[in-house]
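Heavy-atom basis, side chains included; hydrogens, waters and symmetry copies ignored. In what follows, chains are A, B, ... by sequence order, proteins preceding strands, each numbered from 1.
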2 protein chains.
Amino acid sequence: MFQGEFSNNMDDKGRVSIPAVFRDTLKSHHADERIVITRSPHTRHLVAYPMREWKRLQSRIAATPPSPQLRAFKRIVLGSAQEYTPDRQGRVLIAPAMREYANMERVIHFAGAGETFEIWDRASWDRQLEADLALARDFELGL
Amino acid sequence: MFQGEFSNNMDDKGRVSIPAVFRDTLKSHHADERIVITRSPHTRHLVAYPMREWKRLQSRIAATPPSPQLRAFKRIVLGSAQEYTPDRQGRVLIAPAMREYANMERVIHFAGAGETFEIWDRASWDRQLEADLALARDFELGL
DNA sequence: ATTGCTTACCCACAATTCCCCACTAAATGC
DNA sequence: GCATTTAGTGGGGAATTGTGGGTAAGCAAT
């Protein structure tokens, strides 16, 4: 499980450290540090999948009946997907197109999301959080 | 049961002592000092769950029908959740992202809340208390 | 082939976190 | 009241994590 939130800095070359906690999860639960990073179709941020989860997503896509929406989804998600292996310092180099898509400046925010984790520009994340707070403010769980 | 209120100081490294009473409750009622600390979606403070309660919350979330509010709730609560084990002095190191969220300065206020307990910045707590007093002024319990 | 750009790999430093010990102040027992 | 325990606080130092560059290898365009 990927849990917790962390902010790291992207350097001038476009590299960011994956939070150590997440790398540990990859190694211990997946025995494989490789991740696939792709666009989130919902809002402008990126999503990182451990290999196993990525394969799962692929088969879910394959099992979905074709439609214009699915084709759009595939272009957004599959089209941009790229495999990354962290370097010896635990960093990955985010491709320029992805940086633009997610409006990434310097401060990158990582947020655990269970089987995957999200990668945001910090300012975008802050905005999203505000919006989420407003949405969830009056929300109560059933028991 | 977590009851009572306590204020402790966060040191320069971001560590705060969990009130001894709460640690005792954890050990005696839960046989497990680990807690999960996460954001409260309602106001800007944190909530600490003993492991057992955290699992309960997870299953309540899983049993709730999907909705935009639930997704927001999950982002806020599950995404930021992190497991902590107090150090030998009974302290935990609050992650920077969480400190910011709850506007934590130096004085941290702990408030028992039954099965969980809340962690506030002291000033925020004082303000909240004022607001609560105003709200509860004319309130009477039914029987 | 040469130049210029990008990426991969490596090293070095800085910052953060973890683990331990020590001190103070408050609470407890006699 | 005085000694003893316990809670909370501060800090040192080692280990881990994050950051910044340097250099060499790969590739594309000239």
Side-chain angles (χ1 to χ4, degrees), chain A residues 2-28 33-37 46 48 80-100 104-112 117 119-122 125, chain B residues 2-28 33-37 46 48 80 82-101 104-112 117 119-122 125:
Chain A
F2 297 101
Q3 293 190 331
E5 292 179 18
F6 310 89
S7 287
N8 284 342
N9 296 320
M10 184 166 69
D11 67 19
D12 297 340
K13 296 179 180 177
R15 298 173 299 185
V16 238
S17 295
I18 306 288
V21 194
F22 290 176
R23 269 181 284 139
D24 287 346
T25 306
L26 284 169
K27 275 189 277 196
S28 56
E33 275 201 294
R34 286 179 307 162
I35 53 179
V36 172
I37 296 180
L46 309 180
S80 65
Q82 225 187 318
E83 195 179 309
Y84 292 86
T85 309
D87 69 13
R88 228 205 305 172
Q89 279 73 251
R91 294 176 292 196
V92 293
L93 178 78
I94 309 281
M98 301 294 249
R99 269 179 257 167
E100 278 176 47
M104 288 176 168
E105 297 289 336
R106 188 176 169 76
V107 185
I108 308 300
H109 193 79
F110 294 82
F117 59 91
I119 310 177
W120 291 75
D121 174 71
R122 178 59 194 269
W125 167 263
Chain B
F2 298 102
Q3 301 187 17
E5 292 178 19
F6 310 89
S7 286
N8 285 342
N9 295 321
M10 184 166 69
D11 67 20
D12 297 341
K13 295 179 179 177
R15 298 174 298 185
V16 238
S17 295
I18 305 289
V21 195
F22 290 176
R23 269 181 284 139
D24 288 345
T25 305
L26 284 169
K27 275 190 277 197
S28 56
E33 276 201 295
R34 286 178 307 162
I35 54 179
V36 172
I37 295 180
L46 309 180
S80 65
Q82 242 187 305
E83 197 180 307
Y84 292 86
T85 309
D87 69 13
R88 231 205 301 173
Q89 280 72 250
R91 294 176 292 195
V92 293
L93 178 78
I94 309 281
M98 295 291 107
R99 270 179 255 168
E100 282 174 44
Y101 177 76
M104 288 176 168
E105 298 289 336
R106 189 176 169 76
V107 185
I108 307 300
H109 192 79
F110 295 83
F117 60 90
I119 310 176
W120 291 74
D121 175 72
R122 179 59 192 272
W125 168 263

With DNA chain C as reference, determine whether B:A95 or A:P96 sits nearer its 5' end, using the nearest nucleotide of each.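 Closer to the 5' end of DNA chain C: A:P96.
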Between A:R88 and B:R15, which has a closest nucleotide on DNA chain C that is more 5'? A:R88
Between [N] ([atom2]) and [X] ([atom1]): distance, integer Å:
| X | N | atom1 | atom2 | answer |
| --- | --- | --- | --- | --- |
| A:D24 | C:dT17 | CG | P | 14 Å |
| B:K13 | D:dG12 | NZ | C1' | 7 Å |
| B:F6 | D:dA7 | CZ | P | 12 Å |
| B:D12 | D:dG12 | CG | P | 11 Å |
| A:F110 | D:dT17 | CZ | P | 15 Å |
| A:M10 | D:dG21 | CE | C1' | 17 Å |
| A:N9 | D:dG21 | CG | C1' | 16 Å |
| A:M98 | C:dT7 | CE | C1' | 17 Å |

If I take atom CD from residue A:E5 and atom OH from residue B:Y101, how far apart are they, to the nearest 0.5 angstrom? 10.0 Å
Could you state the interatomic distance from CD1 (B:I119) to CG (B:D121), rounded to the nearest 0.5 Å? 12.0 Å
Kindly indicate whether the side chain of A:I35, heavy atoms from C-beta on, has any atom under 4.5 Å from the side chain of A:F22.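 Heavy-atom side-chain distance check fails, nothing below 4.5 Å.
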Does some side-chain heavy atom of A:L46 sit less than 4.5 Å from a side-chain heavy atom of A:M104? yes
Could you check whether the side chain of B:Q89 and the base of C:dC21 have a donor-acceptor pair of N or O atoms closer than 3.5 Å, going by distance alone? yes
Any donor-acceptor pair, under 3.5 Å, between the side chain of B:R91 and the base of D:dG10, if you only look at N and O atoms? yes
Any chance the rings of B:F6 and B:F110 have centres within less than 6.0 Å?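 When the ring centroids of B:F6 and B:F110 are compared, they turn out to be at least 6.0 Å apart.
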At under 4.0 Å, does any side-chain N or O of A:R23 touch on OP1 or OP2 of D:dG18?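 So the side chain of A:R23 is within the cut-off, an N or O lying under 4.0 Å from OP1 or OP2 of D:dG18.
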What nucleotide among C:dA8, D:dG18, D:dG20 has an atom nearest to a side-chain atom of A:D11?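 It is D:dG20.
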Side chain of A:R106 only, heavy atoms from C-beta on: which candidate in C:dT17, D:dG20, D:dG8 is closest?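 Selected nucleotide (nearest to the side chain): D:dG20.
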Nearest-nucleotide comparison on DNA chain D, the residue closer to the 5′ end among A:I18 and A:D87: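 The 5'-side residue here is A:I18.
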